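Data block below; observations after.
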Amino acid sequence: MSQPAAIHLDDYQAPAWRILSTRLTFDLAPSATRVTAVLTLEANPDAAVGSDATPPLVLNGEHLTLESVRVDGRALASDEYKVDETHLTLAALPASCELETVVLIDPAANTALEGLYVSSGMFCTQCEAEGFRRITYYPDRPDVMSVFTTTVIADKANYPILLSNGNPVERGELDGGRHFVTWQDPHLKPCYLFALVAGDLVKHADSFTTMSGRDVALEIWVEPENLDKTQHAMNSLKASMKWDEEVYGREYDLDIFMIVAVNDFNMGAMENKGLNIFNSACVLANPDTTTDAAFQRVEGVVAHEYFHNWSGNRVTCRDWFQLSLKEGFTVYRDQTFSADMNSAPVKRIEDVAMLRTAQFAEDAGPTAHPVRPASYIEISNFYTLTIYEKGSEVVRMVANLLGEEAFRRGSDLYFARNDGSAATIEDFISAMSEASGRDFTQFMRWYSQAGTPEISARGNFDAESGRYSLTLHQSTPATPGQAEKLPLVIPVRMGLVGADGSDLALTLDGEALGTETVLELTEAEQTFVFTGLEAGADPVPSLLRGFSAPVKLSFAYSREQLAFLMQHDSDGFNRWDAGQRLALAALEDLMAAWQQGDTQASLDARLLAAYRFLLQSEPSDRAVLAEMLTLPSEAYIAEQQTVVDVDAIHWARKTAKAQLATALRDDFVALYHANEQQGDYAPTFEQMARRSLKNAALSYLMSIEDEEGVRLAQAQLAAAHNMTDVRAALTLLVHSSRTELGDPALKAFAERWSHDPLVMDQWFSIQVTRPQADVLDRVRFLMEHPAFSLTNPNKVRALIGAFAGQNRVNFHRLDGEGYRLLADVVIELNRLNPEIAARIITPLTRYKRFDAKRQALMKAELERIRGEKLSRNLYEVVEKALA
Ligand code: PHE
Ligand code: ZN
């Protein structure tokens, strides 16, 4: 068998043919759907061709049964075209012609969830990145854009609702109880934005008046039992539409905008033109079933997909190497939107915490790649945190370097100039450059270099001359295929905090800069000298404020300085970060003690004092306080270690928490009561902040299994005000050492919620993240539970993903049973759903971070997987991991 080949950015060629219009007819039946495609073709005058003859037309097509081919009405004999497993090729076509193909497909057998498939009895599609080739023969690449007309035919009783992109233009009845609807999308689009839905659905309808006064119908389509879970998504959609008009000047461009919720979906959601398709987990929400975190996820994902209408659809990507052009920019847009809707500092803290744990780990692992990769084997493997989250950080740096107004001019220029076409990252950056006059030549290295840059900073204050000199040194570690790295443009937002806690006035090279500035580090090492400081100033630098660049910054702060910054830094993000640094230092002490066999060590008193201060002062921002009271996660601590010691990390974090709870017990009890719910539940961020503070307090109390804590948790669970409180209480009871607390509660919960798949996902996750050693049997047992299914990605993530990704001590058991379980699942998913297989395997691919014994066990499982007949997705990941 030939091995899958890599595709390279440098090999890009313009398409040989253009498609002026695409007319599709779907005759839907679960196991035999007939798709007729009529393409109006024209040889592309811009394409590089060798001779005068028209180039061959090479169409992608997989898992299709070809029934007929016609050119300009004439049926072709089977020797007039070539068809194989992946392509249909036609030679010697007239330079403009009409091609009709008819194929049969089998949606019911489609467990990969790419192309047309069946989910909970409804038909739906997922075409990004390369799913359209499972629907019909087509040039499946984003730079071929066409107008689409789609007729959907189906049995009326089973599929009363028939949807596709654009506007409905015709509908009618057919023989045999069938009916049809024809949809027309006037906007040019690549086929990855095509969508179709057919099912027995109900809608939540509303409308939005755009800035130019047009009325847009808004429809959220769901299964009937979910109609009471659509209000939050509708509110979020309207807020997104308004925000995009106000902040980016972007107006919606069709008469109707639809969202459909489906239960089986590989990703979060999809921005198909006028017909967004959502994983039900990212659109459905109501207080009884949905946590605050999930409410916020719904708001963010609805906004993200809506924003794609401009950043992705009106302006799309030339090729998949440009994926971050739409994803990085759109994540930046949704992050800014959520910051505006909620607590901006908390949104920043959450995004950075995720970036620094998960994206930094990816960037240091075997699949590290630049924001614009140079090559790939399977594009589905490149929907990564690097493309999305680091890509967003890169856009954020552009926005911050330019300032709000120039950035807006740049984005206006980008949209105007590239509207209706397929663009590159250069197109985006050159618009920013022209709008601002700024040169981005060196900055472009952010797109081509992989790996997380490291800055080491040192400072020196000379009291006599009143000078503070700050030296910043940058380097980026080698990543696979990229040994040498060049210096990047790194914006370091900073200030100097004086002994009284206030920001000092900054003078650099004779220029007065106010109390905060952005240093642009462009060389390997640079020194910045601030002058005119008072002899007694004794400045403490506050560096990388707001996390102004996606880098690791080290500075030899004393713990006293960290405690000081934690209280006084004027930048909310850096106050939190100083706390995290202080906590990390204290946790590292405990880990070192544990590694020496000392289990009696006590926590650094400075951290305890800092917590006491936090608990005893009046909170200015409750949501930030909840973040500050949260110790760094096990995953984040692991990221800071050279060799990860999972047991030491787990013990240290648990011990630190218990010691804080013991010392500050009464403060936590008071904090709990001070934040109990008053009045009715609402998903407002003020209420969310109170709930997170209250539940943080409860988790400290439960860490020592305090009797009052247990009582509060049980009462909170019984009161069942909302899923945030229920889930928090249930998790603490289930994760306690006393199974008699958790087991009956789990049973009651399952009885109440067995009809609701999204709630049962939570039920799975809560159990498999239990830190006790008995959990592995529970995971195996739950895999047999009737509510679990390997063909549903949400279930796989809730059970297997949560166990392997979040239950670190048990996944990394020294007998290798955790690894074996994951590998078994990966092998099954390789057949059923390669995309999910290649994602869920991630923890196994990070073996180089662990001790020799665990490395050997993990590698053995990877080798076992390699012994299978692998999908392209898994082949690429496993080969890179074992390289
Ligand atoms: N483009 C989608 C998004 O980011 C993600 C997606 C990719 C969904 C591939 C499905 C398949 O919004
Ligand atoms: Zn996206």
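Computed from a predicted model, the values in this text were never measured in an experiment. Ligands are counted one by one from 1 in listed order, and the atoms in each one are counted from 1 as well.
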Do Arg408's NZ or CZ and the ring of Tyr248 fall within the cation-pi criteria of under 6.0 Å and 45°?
no
Determine, for Arg133 against Glu130, whether the closest basic-nitrogen to carboxylate-oxygen distance falls under 4.0 angstrom.
yes
Could you tell me whether the side chains of Gln359 and Asp363 share a donor-acceptor contact shorter than 3.5 Å?
yes
Would you mind checking which non-hydrogen protein atom is closest to atom 4 (O) of ligand 1, with the distance to 0.1 Å?
Tyr388 OH, 2.6 Å
Examine the side chains of Trp221 and Glu219 and answer whether a donor and an acceptor come within less than 3.5 Å of each other.
yes
Glu305 to ligand 1: N or O pair under 3.5 Å?
yes
Using heavy-atom distances, let me know which of Met267, Glu835, Glu271 sits nearest atom 2 (C) of ligand 1.
Glu271
Could you tell me which atoms of ligand 1, counted from 1 in the order shown, lie closer than 4.0 angstrom to a heavy atom of Glu128?
1 (N), 2 (C), 6 (C), 7 (C), 9 (C), 11 (C)
At the Zn ion (ligand 2): angle between Glu327 atom OE2 and His308 atom NE2, to 10 degrees:
90°
Geometric N/O contact Gln126 with ligand 1, under 3.5 angstrom
no
Going by the atom numbers of ligand 1, which of them fall below 4.0 Å from some non-hydrogen atom of Ala269?
2 (C), 3 (C), 5 (C), 6 (C), 8 (C), 12 (O)
From Glu327, Gln335, Arg333, residue fulfilling side chain to side chain donor-acceptor pair (under 3.5 Å) relative to His304:
Glu327
Give a yes-or-no answer on whether the side chains of Asp756 and Thr289 include a donor-acceptor pair shorter than 3.5 Å.
no
